[in-house]
Amino acid sequence: MADQANCIFCKIVAGTIPSYKLYEDAMTLAFLDINPGNPGHALVIPKAHAANLYASADKDLAAVMATVRKVAAAVEKTVSPDGLNLLQANGPGAAQSVFHFHMHILPRRNGDELKMNWGLKPGDKGELAALAVKIRANL
Ligand code: 5GP
Ligand code: ZN
């Protein structure tokens with residue numbers, strides 16, 4: 001498991017690696033997943049590092065859920081999915097691959113056949129950038 005020093009999401013918070021940022025406030029950050037299960041697949045994280053749900057502070061979880069509601073509504077408005085799942089993984093057995101707590105906002109399409117382990121297929125950078133602009137406009 002990554003510690004805070006080499007955590008990729010801490011680097012996104014610090015701005016040392018780029019992201020398609022959607023929303024930021026004092027405690028949370030939302031950005032597009034670079035391997036989207038469907039267009040509009042977004043992640044919401046606390047800025048404070050915690051590896052998983054069990055290690056998270058209640059105040060960070062509350063702040064994350066407020067941001068999830070806000071961003072999920074904007075994603076729904078932007079991509080008009082048939083439905084939308086919130087997902088969160090704890091541990092490799094649950095397919096957690098980044099050990100900084102995060103909520104997935106995953107728009108769904110009828111018949112998309114997404115399973116819990118949808119795999120990591122890189123998104124098109126131009127499409128991700130254009131979609132981030134549209135979702136931000138709907139916040
Ligand atoms: P997990 O499997 O841990 O629940 O999900 C981690 C998610 O983080 C994956 O869906 C993966 O595509 C995404 N991810 C991994 N590295 C990066 C990155 O550098 N930038 C962004 N935007 N997403 C990432
Ligand atoms: Zn981290």
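The model shown is predicted, which means the values in this text are computed figures rather than measured ones. Atoms within each ligand, like the ligands themselves, are counted from 1 in listed order.
When side chains are defined from C-beta on, H102 does not count as touching V44, because their heavy atoms never get closer than 4.5 Å.
Checked by atom type and distance alone, the side chain of K47 pairs as donor or acceptor with a backbone atom of D25 at under 3.5 Å. The backbone N or O of A51 lies less than 3.5 Å from a partner atom in the side chain of Q96, making a donor-acceptor pair.
Closest to atom 7 (C) of ligand 1, if we only count protein heavy atoms, is D33 OD2, 3.5 Å.
Distances from ligand 1 to the non-hydrogen atoms of A95 include at least one value under 4.0 Å. In this structure, L87 falls outside the shell of residues with a heavy atom less than 4.0 angstrom from ligand 1.
For atom 5 (O) of ligand 1, the choice among M103, Q88, H102 with the nearest heavy atom turns out to be H102.
When SG of C7 and ND1 of H49 are joined through the Zn ion (ligand 2), the resulting angle is 110° to the nearest 10°.
Aromatic pair Y54/F101: centroids not less than 6.0 angstrom apart.
Proximity of I12 to ligand 1, defined as any heavy-atom pair under 4.0 Å, is confined to the side chain (atoms from C-beta onward). Contacts of F9 with ligand 1, taken as heavy-atom pairs under 4.0 Å, involve the side chain alone. Using a 4.0 Å cut-off between heavy atoms, Y20 makes no contact with ligand 1 at all. Counting heavy atoms under 4.0 Å from ligand 1, residue I8 touches it through the side chain alone. When heavy-atom distances to ligand 1 are checked against a 4.0 Å cut-off, A89 comes that close only through its side chain, counted from C-beta outward.
H100 has its closest N, O or S atom to the Zn ion (ligand 2) at the position named ND1.
Between H104 and H41, the two ring planes are tilted [angle within 30° to 60°].
Taken from CG in L131 to CZ in R136, the straight-line distance is 10.0 Å, to the nearest 0.5 Å. Put simply, CG on L32 and CD1 on I135 are 5.0 Å apart, with the number rounded to the nearest 0.5 Å.
A continuous path of hydrophobic side-chain contacts links V68 to Y20 [ILVMFWY only; heavy atoms under 4.5 Å].
An N or O contact shorter than 3.5 Å is missing between H41 and ligand 1 by distance. In terms of N/O distances under 3.5 Å, ligand 1 is approached by L32. Taking distance alone, with nitrogen or oxygen atoms compared against 3.5 Å, V98 approaches ligand 1 more closely than that limit.
For ligand 1, the atoms lying closer than 4.0 Å to a non-hydrogen atom of L120 are 9 (C), 10 (O), 11 (C), 12 (O). In the vicinity of N35, heavy-atom distances shorter than 4.0 Å reach the ligand 1 atoms 11 (C), 12 (O).
T78 is linked by a side chain to side chain donor-acceptor pair (under 3.5 Å) to N138, counting only residues two or more places apart in sequence or in another chain.
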Any chance you could lay out the side chain to side chain contact (heavy atoms under 4.5 Å, CB included) test for I8 and V98, step after step, and finish with the verdict? CA-CA 8 Å; I8 193 133; V98 176; 3.8 Å; yes
